[in-house]
There are 2 protein chains.
Amino acid sequence: MEVREALDILKDNGYKFTRKREMFLQLFARERRYLTARDVLEHLKPTFSGLSFDTIYRNLAVFTDLGILEETELDGEKRFRFSCATSGHHHHMICLECGKTSAIQACPMNEIQSDDFFITDHKFEIYGYCQECH
Amino acid sequence: MEVREALDILKDNGYKFTRKREMFLQLFARERRYLTARDVLEHLKPTFSGLSFDTIYRNLAVFTDLGILEETELDGEKRFRFSCATSGHHHHMICLECGKTSAIQACPMNEIQSDDFFITDHKFEIYGYCQECH
DNA sequence: GGTATTATAGGAATGATTACGATTTACCTT
DNA sequence: AAGGTAAATCGTAATCATTCCTATAATACC
């Protein structure tokens with residue numbers, strides 16, 4: 001995912017262009033790792049002094065709905081990252097220190113079948129520390 | 001895991017026996033599914049009118065530390081269930097309606113290897129609805 | 001440029017969880 | 001069985017992430 005592409009998706013879906021949204025996307029494009037709402041606030045506070053959580057959460061939700069961001073929940077906090085170039089279904093190895101990820105193509109669901117459960121979703125994540133944080 | 005066994009573990013680790021702890025364990029033994037702290041409160045409120053969240057969370061943490069309960073986090077809430085008879089490493093299919101589970105023996109980590117991440121943990125869960133809730 | 005609609009700020013409300021001081025209880029010793 | 005000590009509990013306040021609300025501001029379309 002690129003900033004330009006994300007902005008086009010926003011426009012195509014009738015959302016307005018704002019400098020905040022552009023900066024949000026540039027932040028995610030630059031960082032390419034999982035960030036919390038607080039991370040976003042702290043990165044953008046210098047630029048937008050009055051930035052509110054409402055704005056951050058609302059935009060994170062919009063971006064996630066549009067497939068621009070991927071979301072996960074870890075340690076009681078939602079975390080977001082720019083959708084991987086790796087299009088298609090995949091999973092992540094996640095650094096617990098910095099949020100950096102490594103994509104995993106293999107999906108364990110390929111070998112799963114169930115008679116007694118109607119399956120709607122699944123989660124497979126590997127946690128640890130990346131080379132820099134280890 | 002059985003209530004008797006759990007109480008022995010408590011005793012062996014120097015924790016005191018209380019009727020609340022016994023009732024907590026009986027509740028989990030009876031339900032055999034994932035419960036939230038609120039679920040526990042509501043189930044035990046009739047018996048212990050003044051039961052506080054502090055007591056619930058503290059005991060859930062103790063039980064989890066001792067391996068009596070298994071813990072997961074779903075939808076922004078911690079959930080706990082009696083440790084499966086299925087001893088050894090396993091994963092779960094979880095009913096999003098009632099918390100009932102079905103154990104999965106296969107672990108996707110068997111086929112994973114990583115050079116650039118120091119792996120400490122992983123999570124694999126399948127979500128859906130059980131026969132009764134579907 | 002004018003107008004309708006969406007976005008945002010700021011702060012209040014919510015929901016889960018944790019922290020804390022005071023009181024009660026379990027368990028060990030005698 | 002009584003007493004002392006440490007742990008457990010209650011009741012409530014604090015915390016943290018997230019959502020909700022209302023007035024104001026900015027964007028996009030005509």
Side-chain angles (χ1 to χ4, degrees), chain A residues 6-27 34-66 68-69 71-81 96 99, chain B residues 6-27 34-66 68-69 71-81 96 99:
Chain A
L7 289 173
D8 286 346
I9 295 174
L10 270 179
K11 190 189 186 73
D12 292 347
N13 287 82
Y15 289 96
K16 291 183 175 171
F17 172 86
T18 68
R19 207 160 91 70
K20 288 196 180 64
R21 286 185 169 154
E22 188 181 18
M23 292 305 248
F24 280 15
L25 295 170
Q26 284 181 8
L27 170 63
Y34 275 114
L35 301 172
T36 64
R38 181 161 302 278
D39 288 336
V40 174
L41 180 70
E42 280 165 13
H43 274 92
L44 297 183
K45 199 80 184 192
T47 314
F48 305 103
S49 61
L51 188 58
S52 83
F53 272 111
D54 187 272
T55 300
I56 292 174
Y57 280 109
R58 183 166 23 74
N59 281 310
L60 290 175
V62 166
F63 295 157
T64 304
D65 284 349
L66 297 177
I68 294 169
L69 296 182
E71 178 183 359
T72 194
E73 196 184 323
L74 178 53
D75 242 350
E77 271 184 288
K78 291 182 180 175
R79 286 151 204 269
F80 302 84
R81 58 156 295 143
L96 296 170
Chain B
L7 288 172
D8 286 346
I9 294 174
L10 270 179
K11 191 189 185 72
D12 293 347
N13 286 83
Y15 289 96
K16 293 181 175 170
F17 171 86
T18 69
R19 206 161 93 70
K20 288 197 180 64
R21 284 183 171 159
E22 189 182 17
M23 292 304 249
F24 280 15
L25 295 171
Q26 284 181 9
L27 171 63
Y34 275 113
L35 301 172
T36 63
R38 181 161 302 277
D39 289 335
V40 174
L41 180 70
E42 279 165 13
H43 274 90
L44 297 182
K45 199 81 183 194
T47 314
F48 304 103
S49 62
L51 188 59
S52 83
F53 273 112
D54 186 90
T55 300
I56 292 174
Y57 280 109
R58 184 166 21 75
N59 281 311
L60 290 175
V62 167
F63 295 157
T64 304
D65 284 349
L66 296 176
I68 294 169
L69 297 181
E71 178 183 359
T72 193
E73 195 184 324
L74 178 53
D75 241 350
E77 269 184 288
K78 291 183 180 176
R79 288 150 204 267
F80 303 85
R81 58 157 294 144
L96 296 171

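Sequence lines set the chain letters: A, B, ... in the order given, protein chains first and strands last, and positions in each chain run from 1.
- We find that CD of A/E71 is positioned 12 Å from C1' of D/dT18, with the value rounded to whole Å.
- Whole-Å rounding puts the A/R19 CZ to D/dT27 C1' distance at 15 Å.
- Regarding A/L41, its CG atom lies at a distance of 12 Å from the P atom of D/dT18, rounded to whole Å.
- Rounding to the nearest 0.5 Å places CG of A/L44 at 6.0 Å from OG1 of A/T47.
- Judged by distance alone, the side chain of A/R79 and the main-chain N or O of A/L74 form a donor-acceptor pair under 3.5 Å.
- The side-chain heavy atoms of B/N59 and B/K20, taken from C-beta on, include no pair separated by under 4.5 Å.
- When the side-chain nitrogen and oxygen atoms of A/R58 are compared with OP1 and OP2 of C/dT8, one or more of them lie within a distance under 4.0 Å.
- The phosphate of C/dG15 (OP1 or OP2) has no side-chain N or O of B/R38 nearer than 4.0 angstrom.
- In this structure, B/N13 places its CG atom 16 Å from C1' of D/dA8, rounding to the nearest Å.
- Between B/T55 and D/dT9, a side-chain N or O to OP1/OP2 separation shorter than 4.0 Å is absent.
- Remark: P of C/dG11 and CG of A/L51 are 14 Å apart, rounded to the nearest angstrom.
- Residues B/Y15 and A/G76 each lie close to DNA chain D; by heavy-atom proximity, the contact nearer the 5' end of the strand is made by B/Y15.
- In the set C/dA9, D/dT18, D/dT9, the nucleotide with an atom closest to the side chain of B/D54 is D/dT9.
- Atoms CG (B/L44) and C1' (D/dC10) sit 15 Å apart, rounded to a whole Å.
- For A/F53, whose side chain is taken as the heavy atoms from C-beta onward, the closest listed nucleotide among C/dA7, D/dA28, D/dT18 is D/dT18.
- The A/T18 side chain lies nearest to D/dT27 when the options are D/dT27, D/dC10, C/dA9.
- The distance between atom CD of A/E73 and atom P of D/dC16, rounded to the nearest whole Å, is 18 Å.
- Rounded to a whole Å, the CZ atom of B/R21 is 19 Å from the P atom of C/dT24.
- The side chain of B/K78 lies closest to C/dT18, out of C/dA7, C/dT18, C/dA16.
- Residues B/K16 and B/Y57 both approach DNA chain C. Their nearest nucleotides, taken by heavy-atom distance, put B/Y57 toward the 5′ side.
- Here the straight-line distance linking atom CG of B/D65 with atom CZ of B/F63 works out to 11.0 Å at 0.5 Å rounding.
- The side chain of A/N59 sits closest to C/dT8 out of C/dT8, D/dT18, C/dC27.
- Atom-to-atom distance recorded for B/L69:CG and B/F80:CZ is 7.5 Å, nearest 0.5 angstrom.
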